[in-house]
Amino acid sequence: MSVLLRTGVGTLCAAARAVIPCLWRGKCFSSGKELGENSPVTPMLRHLMYKIKSTGPITVAEYMREVLTNPAKGYYVHHDMLGEKGDFITSPEISQIFGELLGIWLISEWMATGKSSTFQLVELGPGRGTLTGDILRVFSQLGSVLKNSDISVHLVEVSQKLSEIQAVTLIEENVPLERNAGSLVYMKGVTKSGLPISWYRDIQDVPKGYSFYLAHEFFDVLPVHKFQKTPQGWREVFIDIDPQASDKLRFVLAPCATPAEAFIWSGETRDHVEVCPDAGVIIQELSQRIARAGGAALIADYGHDGTKTDTFRGFCGHKLHDVLIAPGTADLTADVDFSYLRRMTQGKVASLGPITQQMFLKNMGIDVRLKVLLDNSDEPSTRQQLLQGYDMLMNSKKMGERFNFFALVPHQRLPNGSHQMNARKSNPSPAPVAGFDELAWR
């Protein structure tokens, strides 16, 4: 599977078109809120229509990849999509408490696994750099605990625009950035707390070693292949030009099997599934690194444990947006299938979760931290902001149950080297993994 994941993803579309005849069946799927008949013909839409006319219908994965990361017209390449003025807002942008508690989680795991003398903090898709900034503030406040550890920061970011925003957030102004667009490490600098920081485009370029990996709202934007079960077996969902409207797109079902079906789990019972091979590649890479060098990975995202079906949707201006209308102007996302991530570890590491954000943050002591901040604040507007941020993070009707946490840790980190948290052992067992149980310091 590892070889297939690495070499097959980019060639699936071409291979599928080579074996599939031209009989495509239109299919309706939920694609978000309709914007009406007069939708704009964007540069990305013109690009996609030319592509489809030249080579035939494209997979949903190819559509997502083009719309989000095309070097010339991609949504992530040229937009600052975060914050109140963007298309969506993330937990680190809502409250400082979120990042602070993740910083505590990292230190807790570092202590529980022997206080390594080296410590790489690696964030995948760091957004505006807010989460890493909050974590580094915790590291500075607990400097006496970390004083004997050589810490470095490594950010994996494909967007040049976002990397510049991250640098403004994190970098010491008096120390100039080193830039080398052609290098695997395309930017280097020093954080405001004096730690070395580097930027990469691919996780495989990050130095191997004892590391903690963070992925907050990262996996949900990776391209997915969509499949529908039919009387003839699984059929992949493609995107084609609508024959009734030459400037619009539509979903169609492939008339026969496609190579991407190899990614569907043999025990699948759902009628519609979304599979993300790119996520599988990354999870395999993280699993191998953690198994060999130690550390852990903490993943927070929209998601489910193999229960949901059609979750592909778009967001524009904080509202649902039809994924096929005005491509390039909205974010595209699909819920993370944590059961698939668990299978992709291939047993190399143990996995924990998914558990809801509400439960994870409660276990991490968010109520205690909120009380401390409220007690130390006399400004009514600050207190109101703290309470509103807490409500957004914890309310089950907002982010509390929509987001989930999932972790990868070495087998030896858990009792009996098992994935079962409640396993019993006569010898002293490792401390519980914070967040997935109540936080405990030793």
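The basis for the numbers below is simple: all heavy atoms, side chains too, and nothing from hydrogens, waters or symmetry mates. Keep in mind the model is a prediction, meaning the values are calculated, not measured. All residue numbers in this chain count up from 1 along the given sequence.
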Q: Pick out which of Asp335, Thr333, Asp331, Asp322 makes a side chain to side chain donor-acceptor pair (under 3.5 Å) with Arg313.
A: Asp335
Flag yes if more than 12 heavy atoms outside [X] fall under 6.0 Å of its [atom1] atom; otherwise flag no.
X: Met49; atom1: CE; result: yes
X: Glu172; atom1: CD; result: yes
X: Lys192; atom1: NZ; result: yes
X: Lys188; atom1: NZ; result: no

How long is the straight-line distance from [atom2] of [Y] back to [atom1] of [X], given to the nearest 0.5 Å?
X: Leu155; Y: Gln166; atom1: CG; atom2: CD; value: 5.5 Å
X: Asn70; Y: Arg65; atom1: CG; atom2: CZ; value: 11.5 Å
X: Leu101; Y: Ile366; atom1: CG; atom2: CD1; value: 5.5 Å
X: Leu170; Y: Ser163; atom1: CG; atom2: OG; value: 11.5 Å
X: Lys226; Y: Ile239; atom1: NZ; atom2: CD1; value: 9.5 Å
X: Ser95; Y: Gln388; atom1: OG; atom2: CD; value: 11.0 Å

Q | Non-hydrogen side-chain atoms of Arg402 and Gln357 separated by less than 4.5 Å | A | no
Q: Report yes if the side chains of Glu274 and Asp310 come closer than 4.5 Å at any heavy-atom pair, otherwise no.
A: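 Yes, at least one pair of side-chain atoms sits under 4.5 Å.
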**Q.** Test: Lys308 and Asp337 ion pair at under 4.0 Å
**A.** no
Q: Considering only NZ, NE, NH1 and NH2 on the basic side and carboxylate oxygens on the acidic side, decide whether Lys51 and Glu62 come within less than 4.0 Å.
A: yes
Check the side chains of [Y] and [X] for a donor-acceptor pair under 3.5 angstrom, ignoring hydrogens and angles.
X: Thr311; Y: Tyr302; value: no
X: Gln288; Y: Gln284; value: no
X: Trp234; Y: Glu268; value: no

**Q.** Heavy-atom pair of closest approach, residues Gly400 and Thr356
**A.**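 Here Gly400 and Thr356 meet closest at O-CB, 3.5 Å.
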Q | Exercise: identify the closest heavy-atom pair between Pro354 and Phe406 | A |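 Heavy atoms only, the tightest pair is N-CD1, 3.9 Å.
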Taking [X] for its side chain and [Y] for its backbone only, find out whether a donor-acceptor pair lies under 3.5 Å.
X: His272; Y: Phe227; value: yes
X: Ser149; Y: Ile151; value: no
X: Ser54; Y: Tyr50; value: yes
X: Asp301; Y: Phe218; value: yes
X: Asp242; Y: Lys248; value: no

Q: Please work out which of the three classes, parallel, tilted or perpendicular, describes the rings of Phe405 and Phe360, given edges at 30° and 60°.
A: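 Parallel: the ring planes of Phe360 and Phe405 meet at under 30°.
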Q. When the ring planes of Phe403 and His216 are compared, do they come out parallel, tilted or perpendicular, using 30° and 60° as the limits?
A. parallel
Q. Between Tyr340 and Phe219, does the ring centroid distance fall short of 6.0 Å?
A.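 No.
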